[in-house]
Visitor: 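I am attaching a structure below and will ask some questions about it afterwards.
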Amino acid sequence: MKSGDIEQLKREALAEATAASSPEDMERVRIKYLSRKGLLSGIMKELKTLAPDERASAGRIANELKHELSVIIESGSTKRESGSGAAVAGHDLTLPGRWPALGTMHPISMVINEVVRILGKIGFTVAEGPDIETKYRNFEALNTPDHHPSLDARDTFWLESGELLRTQTSPVQIRVMENCRPPVRIITPGRCYRRDTTDATHSANFHQIEGLYVDTSVSLADLKGTLSYLAQELMGPNVGVRFRPHFFPFTEPSVECDFSCHVCNGRGCAVCKQSGWIEIAGAGMVDPRVFRKVGYDSSMVSGYAFGMGVERIAMIKYGIRDIRMLYENDLRFLREFA
Ligand code: DAH
């Protein structure tokens with residue numbers, strides 16, 4: 001045996017391994033050359049019989065044969081395990097990537113975004129105010145006298161500074177009018193706080209969206225038109241809208257606005273307490289005394305305002321029975337809105 005013979009054997013072995021098209025073929029090549037009784041082991045034994053200089057070069061070629069053949073066999077089995085030919089140095093590029101965990105939009109944010117989008121189409125822009133308000137803007141400027149029950153410490157979270165956690169988004173109306181001349185057309189989504197005992201329909205913190213439109217000849221009909229448009233865009237074309245007379249200190253006349261119950265289509269069910277209607281917003285024509293507080297001339301301008309509960313809308317739109325679900329952050333619930 002000469003080193004030329006081993007060279008020849010190496011060429012054949014590598015050719016056979018490269019040509020192997022199935023795991024079985026490859027295993028056959030491995031047994032033929034690399035197993036204990038395979039050709040390579042025979043060669044290794046014969047090496048001892050060679051002259052020293054011949055032995056060195058034959059030994060080198062035999063080792064190359066062993067190494068290169070093992071690499072081909074090994075990479076063949078990695079390819080098979082990964083199901084395709086994309087194995088690179090121990091990394092399988094065909095495995096699916098790892099998805100980062102994605103959050104979902106909270107239903108309260110979804111409703112706010114939706115209302116902002118809908119009213120944005122008819123010219124309303126978003127204004128915001130702070131959660132901590134002055135008594136003046138939350139009550140006085142809104143024509144709410146000191147003896148009004150809503151100022152009571154059982155209803156309002158008062159701070160030691162004499163300020164309070166706003167009980168409504170209406171004070172943002174005051175902030176905007178203090179700073180802008182009419183016409184004004186804004187909506188203000190935001191968090192509000194009241195000392196309510198938490199139950200299925202009440203939460204001590206909740207969200208409102210306030211709307212305010214002031215111009216030279218705004219009428220109650222404009223208010224009706226806007227809230228009817230909002231109702232249809234939010235709940236679909238078949239929703240009914242009704243206005244009931246009401247009282248708010250900062251509007252005259254004042255109304256409450258109901259949407260027909262989307263669960264029973266107005267026939268009456270447990271959700272609407274058999275009335276067929278669900279109360280959505282308080283609204284009315286801005287009281288001239290409020291205009292006077294912010295320096296508007298009420299003989300020149302008129303305006304409407306409304307304020308609606310975001311949780312209420314989310315609950316009827318998505319069929320949520322208990323307001324607490326919106327605050328518990330149970331991932332099983334939140335993932336429903338993915
Ligand atoms: N702020 C009122 C509330 O929290 C809702 C409201 C009623 C807002 C009438 C208004 C309005 O702007 O005009 O119950």
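Side chains included, hydrogens not; waters and symmetry mates left out as well; all remaining heavy atoms used. Both counts, for ligands and for their atoms, begin at 1 and track the order of listing.
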Visitor: Using a strict threshold of under 4.0 Å (side-chain N to carboxylate O), is an ion pair present between Arg194 and Asp155?
Guide: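 No, this pair does not count.
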Visitor: Tell me which one of Ser150, Ser254, Gly211, Gly282 gets a heavy atom nearest to atom 6 (C) of ligand 1.
Guide: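 Considering heavy atoms of Ser150, Ser254, Gly211, Gly282, the nearest to atom 6 (C) of ligand 1 sits in Gly282.
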Visitor: Is Glu279 salt-bridged to Lys273, cutoff N-O under 4.0 Å?
Guide: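 Salt bridge flag = no for Lys273 with Glu279.
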Visitor: Among Gly307, Gly303, Cys192, Pro171, whose heavy atom sits nearest atom 5 (C) of ligand 1?
Guide: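 That would be Gly307.
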Visitor: Looking at Gln208, which atoms of ligand 1 are within less than 4.0 Å of one of its heavy atoms?
Guide: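 By the 4.0 Å cutoff, the relevant atoms are 3 (C), 4 (O).
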Visitor: Are Tyr327 and Thr198 close enough that a side-chain donor and a side-chain acceptor fall under 3.5 Å?
Guide: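 Thr198 and Tyr327 do not have a side-chain donor-acceptor pair below 3.5 Å.
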Visitor: Taking atom 2 (C) of ligand 1 as the point of reference, which of Met308, Gln168, Met285 owns the nearest heavy atom?
Guide: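 Answer by nearest heavy atom: Gln168.
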Visitor: Give a yes/no verdict on whether any heavy atom in Glu252 is under 4.0 Å from an atom of ligand 1.
Guide: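 Contact absent.
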Visitor: In the protein, what heavy atom is nearest to atom 12 (O) of ligand 1, and what distance, to one decimal place, separates them?
Guide: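 Checking every protein heavy atom, the shortest distance to atom 12 (O) of ligand 1 gives Glu210 OE2, 2.6 Å.
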Visitor: Is Arg117 salt-bridged to Glu114, cutoff N-O under 4.0 Å?
Guide: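 Judged by the 4.0 Å cut-off on N to carboxylate O distance, Arg117 and Glu114 do form a salt bridge.
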Visitor: Between Lys293 (side chain) and Asn143 (backbone), is there a donor-acceptor pair under 3.5 Å?
Guide: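 Flag not set: sc Lys293 to bb Asn143 has no pair under 3.5 Å.
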Visitor: To the nearest 0.5 angstrom, please state how far the CD atom of Glu311 sits from the CE atom of Met325.
Guide: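 Nearest 0.5 Å value for the CD-CE distance: 14.0 Å.
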Visitor: Mark up the atoms of ligand 1 that fall under 4.0 Å of a heavy atom belonging to Ser170, in ascending order.
Guide: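 Ligand 1 atoms under the 4.0 Å threshold to Ser170: 1 (N), 8 (C).
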Visitor: For ligand 1, indicate whether the residue Ala283 contacts it via side chain, backbone, both or neither (heavy-atom separation under 4.0 Å).
Guide: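 For Ala283, the contact with ligand 1 is made by the backbone alone.
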Visitor: Would you kindly specify which portion of Arg166 sits under 4.0 Å from ligand 1, judged on non-hydrogen atoms: side chain, backbone, both or neither?
Guide: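 It is neither; nothing of Arg166 touches ligand 1.
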Visitor: Please list, in number order, the atoms of ligand 1 under 4.0 Å from a heavy atom of Thr251.
Guide: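 By the 4.0 Å cutoff, the relevant atoms are 13 (O).
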Visitor: Which of the atoms of ligand 1 are close to Gly284, meaning less than 4.0 Å from one of its heavy atoms?
Guide: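 Ligand 1 atoms under the 4.0 Å threshold to Gly284: 13 (O).
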Visitor: Is there a donor in the side chain of Asn205 and an acceptor in the side chain of Ser203, or the other way round, less than 3.5 Å apart?
Guide: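 Per modelled atom types, Asn205 and Ser203 side chains form no pair under 3.5 Å.
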Visitor: May I have the step-by-step check of side-chain contact (heavy atoms from CB on, under 4.5 Å) for Asp146 and Lys135, ending in yes or no?
Guide: CA-CA 10 Å; Asp146 274 2; Lys135 175 182 166 212; 3.1 Å; yes
Visitor: Tell me: protein heavy atom nearest atom 11 (C) of ligand 1, and distance?
Guide: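 Nearest neighbour among protein heavy atoms for atom 11 (C) of ligand 1, to 0.1 Å: Phe250 CE1, 3.5 Å.
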Visitor: Between ligand 1 and Gln173, can you find any atom pair, the residue atom being a heavy atom, that is separated by under 4.0 Å?
Guide: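 Flag set, Gln173 near ligand 1.
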Visitor: CG/Asn138 to CG/Leu164 distance, rounded to the nearest 0.5 angstrom?
Guide: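 So the gap between those two atoms works out to 5.0 Å.
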